[in-house]
Amino acid sequence: MAFDGSSIIVVAIFGVFLVNLTSSLVLAKGPCQFPAIFNFGDSNSDTGGLSAAFGQAPPPNGMSYFGHPAGRYCDGRLVIDFLAESLGLPYLSAFLDSLGTNFTYGANFATAGSTIRPQNTTLHQSGFSPISLNVQFYEFHDFHVRSQIVRKRGGVYETILPKEEDFSSALYTFDIGQNDLTSGYFLNMSVDEVKAYVPDDIYDVGGRYFWIHNTGPVGCLPYVMERIPVLAGQIDRYGCASPFNEVAQFFNHGLKKTVQQLRKDLPHAAITYVDVYSVKYSLISQGRNHGFNQPLRTCCGHGGKYNYNKNLGCGGKVHKQGKDVLVAAPCQDPSTHVNWDGVHFTEAANRYIFERIVDGSFSDPPHPLNMACYRN
């Protein structure tokens, strides 16, 4: 597949990333000591970026753990939250959130609705964020430089900003790509056209320690299945739309090939490829065996086969007799559902996913998270 302008941008971005983030690999074979995490992605790992830029994720988001909206499109914690917990680090503050933030242990550049490729529409028009991967990198680059200028002022700045050396020994995590697929579908593109829309070089990753998630089975998400018609014969035995999952697997195949090539091109980088697709599909297809009685039906929504309505999302209200009435209410027990709002997973599902990937069972190379600083 030929390079296009967007692919060249991504390659150039991470070429700079490699220059900025160089350090020697840890020689000892004990657990890795990551002083910080820098995360890039979409709503699967957004801890408040979109909320800071475009308004808070409304109630009942956050109800199961935080007790209030916490910038996450979920009833509680995300996989990135469990990842930080397991490394003994605080939850990541969103880079765009200027209120009460502490970046000592890293920063989160992910925003809900983000894509790898830059969007040519507004958030209002398409539902996809203008803060694409290249913008997230520009934010990171600015943060890297300016945080050290500000930190030198001393005082409180030394306690809320990372040390220079932490950038080269931090863990860099990526979870992005799902919206590149669905943005194509919602523009009435065919499956073949969406395949052609996937960049040949999805990431050209530099740096040292990288933990990269592939994209999940989008054909099992209510907001895709409800909005895009498929034939009965295209629904698999578990109720998912096979054509959309096939494109996700095509995307993931390209990502894995790129990672394999990058290991050759960047011999000093430790790059872990994590197959979250398999974990998520197993969770949905075998959900009832793990206590998830509703593997496809949305917990927080209203109407339709999947309890999902694109015009009345989670927490949605209608005006009746002079009052706002909540109609898109959450289910009684989100822990029995895989899907939270038609697009995102519940905290219980996120915990399940994290517990399956943390030990390296779905990683290439098969290193656990706390050994992700080592190369094969």
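Fair warning: this is a prediction, and the values are worked out from it, not measured in the lab. In what follows, every heavy atom counts, from backbone to side chain, and hydrogens, waters and symmetry copies are set aside.
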Does Asp324 form a side-chain contact (heavy atoms from CB on, under 4.5 Å) with His319? I'd like the steps, not just the answer. CA-CA 4 Å; Asp324 287 331; His319 198 69; 3.0 Å; yes
Determine, stepwise, if the pair Tyr374 / His367 fulfils ring-ring contact (aromatic ring centres under 6.0 Å, His included). CA-CA 8 Å; Tyr374 299 110; His367 291 165; 7.1 Å; no
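Shown here for Tyr308 and Asp341, the closest heavy-atom pair between the two residues is CD1-O, 3.6 Å. Among all heavy-atom pairs drawn from Asn134 and Pro118, the shortest one is OD1-CG, 3.8 Å. Contact record, Asn214 with Leu255: CA-CD2, 3.8 Å, taken as the closest heavy-atom pair. The minimum heavy-atom distance between Pro69 and Pro59, with the atom names listed, is CG-N, 3.6 Å.
Note: Leu78 CG to Ser43 OG = 8.5 Å, rounded to the nearest 0.5 Å. Between the CD atom in Glu226 and the OG1 atom in Thr298 there is a gap of 9.0 Å [rounded to 0.5 Å]. Note that CD1 of Ile176 is 9.5 Å distant from OG1 of Thr215, once rounded to the nearest 0.5 Å. Note that CZ of Arg151 and CZ of Arg153 are 13.5 Å apart. Values are rounded to the nearest 0.5 Å.
Looking at Asn252, its side chain does come within 3.5 Å of a backbone N or O of Ala248 through a donor-acceptor pair. Side chain of Arg208 to main chain of Ala270: no donor-acceptor pair is present (N/O by atom type, distance under 3.5 Å, no hydrogens or angles). Counting only distance, with no hydrogens or angles, the side chain of Gln234 and the backbone of Ser242 share no donor-acceptor pair below 3.5 Å. Using modelled atom types, one side-chain atom of Asn350 and one backbone atom of Arg77 make a donor-acceptor pair closer than 3.5 Å. A donor-acceptor pair under 3.5 Å is formed between the side chain of Gln136 and the backbone N or O of Gly41.
Surrounding NE2 of His290 are more than 12 heavy atoms belonging to other residues, nucleotides or ligands, all under 6.0 Å away. By the neighbour-count criterion of 12 heavy atoms within 6.0 Å, atom CZ of Phe354 is densely surrounded, having more than that number from other residues, nucleotides or ligands. No more than 12 heavy-atom neighbours from other residues, nucleotides or ligands sit within 6.0 angstrom of CD on Gln332. Taking a 6.0 Å sphere around OH of Tyr157, one finds it holds 12 or fewer heavy atoms contributed by other residues, nucleotides or ligands.
Checked against a 6.0 Å centroid threshold, the rings of Tyr352 and Phe345 do not count as neighbours.
Cysteines Cys373 and Cys32: SG-SG separation is under 2.5 Å.
Taking the six-membered ring where tryptophan is involved, the planes of Phe95 and Phe103 are tilted, since the angle between them lies from 30° to 60°. The aromatic rings of Phe109 and Phe40 sit parallel to each other, their planes meeting at less than 30°, with 60° as the upper class boundary. Below 30°, between 30° and 60°, or above 60°: for Tyr281 and Tyr277 the angle between ring planes is below 30°, a parallel geometry.
Using modelled atom types, one finds a donor on one side chain and an acceptor on the other under 3.5 Å when comparing Asn39 with Ser45. Donor-acceptor pairing under 3.5 Å is recorded for the side chains of Ser278 and Asp275. Under 3.5 Å, the side chains of Thr346 and Asp75 contain no donor-acceptor pair of N or O atoms.
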